[in-house]
Protein chains: 2
Amino acid sequence: MSTSERLIESTRELLWERGYVGTSPKAILERAGAGQGSMYHHFRGKPDLALAAIRRTADEMWATAEAVLDGPGTPYERITAYLRREREALRGCPVGRLTMDPDVIADDALRAPVDETLDRLREHIAQIVEEGKEQGEFAPGLDGEEIAAAVVATVQGGYVLARAAGSPTAFDAAVRGLLALLAPPTR
Amino acid sequence: MSTSERLIESTRELLWERGYVGTSPKAILERAGAGQGSMYHHFRGKPDLALAAIRRTADEMWATAEAVLDGPGTPYERITAYLRREREALRGCPVGRLTMDPDVIADDALRAPVDETLDRLREHIAQIVEEGKEQGEFAPGLDGEEIAAAVVATVQGGYVLARAAGSPTAFDAAVRGLLALLAPPTR
DNA sequence: GTCTATAGCGGGATAGAC
DNA sequence: GTCTATCCCGCTATAGAC
């Protein structure tokens, strides 16, 4: 793997573990096994490297989610698959957690990939809910955008509950609770 | 207000705005209008002061939530009141955001107030859901603990969506989505 | 109790050798 | 391209005067 690749991958790991404010160039370099010069040769500085890392993490998360949501099954089953997908709840969401980083929120360039990813995710789920309404799986009165927001929020909030408790249990409970409310009556 | 009070209040504000890692003793002292000596006289250091601040914020949040949840109305109405309560979605949850702070999660003493507050909140809502089941407002098949987890997760995740988008809209959408799913059929 | 002075360490970036 | 040396500044804490 090239030095620049190692820098990006190390940054992704550290951003996930410690966030933007908690991640220092020094820590990145140590993990990547590179010197100062390499980083400032390939990137303009910490924000530039972080942007590359965040973009990649966001793209990866979107691809994973899309694959599950576009899998086989009815709309309800596909949303269930998304919510039940294996997650390391205690690690939190590598994208969502960045929203609690003041320096990320303050920088439009850093926030953009986060915003776009969560937005696309909501829109995609909203469309699946609309499909479900057409097929009679969901009540016609439901608003796809609202249900999608609740689905994504449950996942993001599930991470908060799990990390607070130091146990993934609460994440799973939240998912089960939402799925119980969303379940078609004829099941 | 005493110096020690001003230190705690300044710390609460900064923890909310910038998190634990992003908050320096220097910034606290500047906001409180105090010198180094005052802080190290009243507190052993940053973690000790942060603990006092976190405890107070957690207690306050619990008191506010309890007041709304124990207000008038049916169980569904009380949960609705909790979810619809005025929130500054873009600021995030002063308690929940701490779960994304690596140094808070790594320190059991700092994490404890966060854990206890979210846990108590879930238990209280779970009990309200059970009441709603007894009164026939909620379907008997629902699990109170799971619904409560979904409710709290929706709020916490709503903050994530709002901060990502730079707008409170997504928070409100998630809340409306969950309430639509939770609504008693006979409304 | 509160202040200033000081200290050691690490963050973030630049310079220039190789 | 990558390295080390160096810089300036801010973080966190201690010491000691008042």
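Keep in mind that the numbers below use all heavy atoms, side chains included, and drop hydrogens, waters and symmetry copies. Quick note on labels: first sequence line is chain A, next is B, and so on, each numbered from 1. Here the structure is a predicted model, which is why all the values come from computation and not from measurement.
Of all nucleotides listed (D:dC3, C:dG11, C:dC3), C:dC3 comes nearest to the side chain of B:Ala34. In this structure, the nucleotide among D:dT2, C:dG1, C:dA13 sitting nearest to the side chain of A:His41 is D:dT2. Which of C:dG12, C:dG11, C:dT2 sits closest to the side chain of B:Ser38 comes down to C:dT2.
If you measure from atom NZ of B:Lys26 to atom C1' of C:dT4, you get 14 Å, rounded to the nearest angstrom. Atom CD1 of A:Ile28 and atom P of C:dA13 are 10 Å apart (whole Å). Atom CZ of B:Phe43 is separated from atom C1' of D:dT14 by 18 Å (rounded to the nearest Å). If you take CZ of A:Arg6 and P of D:dG1, they are 14 Å apart, rounded to a whole angstrom. Here the P atom of nucleotide C:dG11 and the CG atom of A:Leu49 are 15 Å apart, to the nearest Å. B:Asp103 places its CG atom 13 Å from the C1' atom of D:dC11, with the value rounded to the nearest Å. One can place CD of B:Glu30 at 12 Å from C1' of D:dC11, the figure rounded to the nearest angstrom. Nucleotide C:dC3 holds its C1' atom 15 Å from the CE atom of B:Met39, rounded to whole Å.
When the side-chain nitrogen and oxygen atoms of B:Thr3 are compared with OP1 and OP2 of C:dT2, one or more of them lie within a distance under 4.0 Å.
Both tests hold for A:Arg120 against A:Trp62: distance to the six-membered ring centre under 6.0 Å, angle to the ring axis within 45°. Relative to the six-membered ring of B:Tyr20, B:Lys46 meets both conditions, a distance below 6.0 Å and an angle of at most 45° to the axis.
Using a cutoff of 4.0 Å between basic side-chain nitrogens and carboxylate oxygens, A:Arg56 and A:Glu5 are scored as salt-bridged. Taking a cutoff of 4.0 Å between a charged side-chain nitrogen and a carboxylate oxygen, A:Arg111 and A:Asp108 qualify as a salt bridge. In this structure, B:Arg31 does not pair ionically with B:Glu9, as no charged nitrogen and carboxylate oxygen lie closer than 4.0 Å.
Among the heavy atoms of the strands lying under 4.0 Å from B:Thr23 are primed sugar atoms or P, OP1, OP2 only; no base atom is included.
A residue-by-residue look at A:Lys46 and B:Gln36 shows that B:Gln36 has its nearest nucleotide of DNA chain C further toward the 5' end.
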